[in-house]
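Keep in mind that what you see is a predicted model, and the values were worked out from it rather than measured. Order of the sequence lines fixes the chain letters, A, B, ..., with proteins taken first and strands second; residue numbering starts at 1 for each chain.
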Amino acid sequence: VSLDESPSPEEAQLAKMSSTLENFSSVVVVDCIPVVPREKQDKLLAVLGKIFRHPEIGSTVPDGIHMPVDANGTSKGFAIIEYVSPQSAQKAVESINGYRLDKNHVFSVFNLASAERLLAIPRTYEPPPSKPYTPTENLFSWLMDARGRDQFASRYSDQTEIFWNDAKATGKEEPVYQRQNWTESFVQWSPKGTCIATVHRQGAALWGGPEWARLQRFAHPNTRLIDFSPDEKYLVCFSLQEPSHPRESAQANLGFFDLRTGKKMRTFSGPAEDYGTSASSGVTSWPVFRWSGGEDRLFAKMGKNCVSVYECPSFGMCTTSEGDKKSYTAEALSDFRWSPSANIMALFQKEHGGGNAPARVSLVEFPSRKDIRQKALFSVAEAALNWHPQGTYLGVTVDRYTKTRKSTYTGFELFRVAEKDCPMEVLELQDKKARIICFAWEPKGHRFCIVSAPSEISGGRTTVDFYSMLTTDPKTGTVDRKVKHLTTLKSRQCNAVYWSPAGKHIVLAGLKSMNGQLEFYNVEELESMAQSEHFMCTDVDWDPTGRFISTSVTSVHQMENGYNLWSFSGKMLSRTPRDRFLQYLWRPRPPSLLGEKKEAEIAKNLKSYAKRYEDEDERLREKQDTNLASHRKRLMDEFKGWEKRIMERRAFEAKE
Amino acid sequence: EEHSRVLARKVIIERRKEDRERQILEQEKQAEARKLKQQQEREEEERRRQEMEARRRAEERIRREIEEQEAAEAAELLKEREKQLSKDDKKAPKMKEGEVMSKQAIMQAQLSEQIKTRQELERKLERSSKTMDYMERARREEEKPLLDEEQK
Amino acid sequence: MRPILMKGHERPLTFVKYNSDGDLLFSMAKDHNPTIWRADDGTRLGVYKGHNGAVFTCDVTHDSARLVTGSADQTVRLWDVRTGEELHRWSYREPARSVDFGEGEKLLAATTDPFMGEPSKILVYRLDDDPAKLDSEPVMSLTGPEGRITRAVWGPLNNTIVSVGEDGMLRKWDAETGKVLHETQAHEKSIVCLQPSYDGTCFITGSHDKTAKLFDFYSLEELKTYSHEKPVLSAFVSPLLDHVVLAGGQDASQVTLTSSKAGGFESKIVHKVYNTEVIGTVRGHFGPVNAIAYSPDGRSFVTGGEDGYVRLNHMDAEYFAL
């Protein structure tokens, strides 16, 4: 409602109405209703009557709906409604506020009692503090949901949909945006969730903001894969050009774009096999250029016996200390991984020089190329580099040959990267012959989990072990920086683990051959919270806060397609079957702007917040209950109406 | 004439004698058959008795086995339970010395304990779920002004 | 709720039906042997011997004296329920799919499948209490659409015949003239079943499109849609409560695993009016549920499965307290 300086007719009307009332508590104002010419006003009044005089709410006084008009007789986009009882007015505010009449009109309903103060001093009244300025595309609006919900994108058949996850409060999801054929192959959120990318024949596009407007386009014909830099500064598109001659090899093209301006910063192209793609098995290594964890400054690609490191924003190769633009050479290089939080690279070199040079794991800082730590490893067949999500630790799974070199066994080299001089430790499982299935670090924590298939006959069951990199004495508070075994879970149907992004909780999943067994485990208490199953489950994903888990069956499996939502503790909240289900993607969130101090303060004062949230939830529940009751009543009335008509017809026919 | 009469008489006597012999033979045969039948019946009777005896014994054995198994299982369950109870800070009352619990009773007790544990766990999880949710909401609430600042 | 498992059929079940008193139960299967059971405890009372092919449907007269069955052996047969004697036989050159007595049981509608170039047909016969007077010639023969008519039933007052078919269409035929009065694409995929409610005001259809729908029997107006995660092969309207029951499951040939969970072989009770609210599910079959029927008192329901079992479910007190 905009109140101008001169006393307007509606003010006069309000004044008139108010004079007849003891107070305004049974009057509500509804704003954001359609602006209509005189001829359509009766119709709109009828619609409003239906909504506001709903039996669940109550009745208004005679002619209780007043819709002010301007000099031309056009309505002003709001109405004043006077109920018989203040309770009805209260109900109207609770249940109609936020009512979506159509795409452009979401009712805003408030009690006049709350606006009483404004009317009492109309002459000297100052306009309410204007809402903070929001540009047309507020890319942060989704972070401000009043109920602290998160979004997810789901794709099935040719539909892409974005929802608020509201499974806990309402048992379902609230649609945010939906579009058919939005993408030609897949969608991908940017790493901090600011926008979503769609992929098309002509290239990629980014969408975001409250209206899901197109924010940027990147022309890169036949884009097959995309990759965001972790800080959302750049976008990489990958395409493959089939050879014109069968004897020639396919050509890979990569385009690096500035995400905000859409400007193409650099292209790389060459034979497909130099870019992680083979003719027989397709793309084998993506992203082929890997971004460092240090604010989008460096990215690197592995070559033969070397890594080429590039820097931004020049997109040129990093210089050595001598000022040369050269790749970093490493004989028999097998793999490299950037730390997720710093410009530190872990490299693994295989045994080389005819066995004279042992295999080696090294940690190197860029662009200085300074060695942080090196470790030679003997009789190594293969190794895998696992960075802790915050870059605190590096875990290397090492497969070593036995003396006869006929078989291998697995051990772990654990580097404490965040500590001084990067100390390291070696870990071996008790069951030396166990086959390792996976190794996973606890995010925001110090624990890790190893899943292995025991060497003795186990009927396909696996063993899950938990360890911690450090232990704190609960009494003295002293920290012991030694790897400690926490517990062993035997005979589990588990071949994949999913840590909560907040740590502490983990889902032990038995995918594929294990049919979708799920165990929800609390690693802090070493306690199983629930065991369940999502039959044929192919994907397990945590929401960004660690409160919810989605499990889905995508179309890689023919049947049972769709997704289930669970609480962190394994309580199933909802189940959504969808034929040809393709993707379930939680919208990531940027790192919190709150400092550690503020977080601790919130945790300390949680009680004061909790009371309010509890009340909010209670109101929501009540509203839902009334909504459900009125929905049921409407359906039942309709059906009874039909039954009555049928009975009348029968009676009539019987007479005939 | 006399001769022929004597002759005839002789023939009759002969015939009677033969008849008699046949009769005796027949009777003997019948007696034999009866004896045989009785014998068979006796044997049959004996066989039936033995069968019944064997069945009775088998049943008894099975019953004994079941009882033994139940007792063993009960003991096993009891042991498990004691172990569990000692782990659970001895919340549930301990068995009295010398008291014998049937398997059913132990299972019943165990079941109700399991239900209780489960309910307790659920309450605990519900509490921690709320805490997590409120914490997240509070963080976002506090983050809001900072985001608004950032947006400017 | 402990179901009564009724074993007697050697092959998949196709149809189940209660008599009007609800004390007898008839089950049809692909094993050629229509079977009669006692409805309270599932005792098998007898088998109607004679068919040489799978039996697809049946109907029973109000007084429970006569049973009519339609079979792949290209016959429709009329039986004496009590003696099991075959009273009459109508023969075709095509498999007979569906049979239905008209109101008053003076008329019989039967359907035949498309076969060897012959289209599907709906045939109407006049019945007589005296089997000797039964006429083998139809009083009317309606040529159906392409594709199979899966079921045809008499409309209110025998004025119309309502049919559903593999083309997903729902058709209303004038029973006097044989003209199609109304047709509508009721389902996106093949309609597998049609079951009138006991009171005859509405009927429910089930389809491969994974929905069941409730229709006004007079106007064919669609009243409700119930979605299921699997193809709906059978559905029934409760005569007692505002419930409908749906069942079905993925075709056994498409289920890669033997787990009964995989195929979704459960019966789901849904609120008839609040169509998205599930009241409960009943599991137990190892294959798709091809047939389902509520008892006339609505206190029990029976299911027939691809697994050859008939399962009789007497509802718990809790069910009625819902």
Tell me which donor-acceptor pairs under 3.5 Å the side chains of residues 635-645 of chain A have, and how far apart each pair is, sequence neighbours excluded?
from   : atom 1 : to     : atom 2 : distance (Å)
A/D637 : OD2    : A/K633 : NZ     : 3.0
A/E638 : OE2    : A/R634 : NH1    : 3.1
A/W642 : NE1    : C/D216 : OD2    : 2.7

Can a salt bridge be assigned to the pair A/R578 and C/E229 using a cut-off of 4.0 Å between side-chain N and carboxylate O?
no
Indicate yes or no: at least one non-hydrogen side-chain atom of A/M647 is less than 4.5 angstrom from one of C/T201.
yes
Heavy atoms of other groups near C/Y198 OH, more than 12 under 6.0 Å:
yes
Answer yes or no: are there more than 12 heavy-atom neighbours, outside C/H182 itself, under 6.0 Å from its atom NE2?
yes
Which heavy-atom pair separates C/Y218 from A/E653 by the least distance, and what is that distance?
CE2-OE1, 3.5 Å
CD (C/E176) with more than 12 external heavy atoms under 6.0 Å:
no
Any chance you could measure C/F217, atom CZ, to A/R650, atom CZ, to the nearest 0.5 Å?
9.5 Å
As a quick check of understanding, evaluate side chain to side chain contact (heavy atoms under 4.5 Å, CB included) for C/H271 and A/R632, giving each step before the final call.
CA-CA 11 Å; C/H271 198 282; A/R632 282 179 161 188; over 6 Å; no
Got a sec: does the CZ of A/R435 have more than 12 other heavy atoms crowding it under 6.0 Å?
no
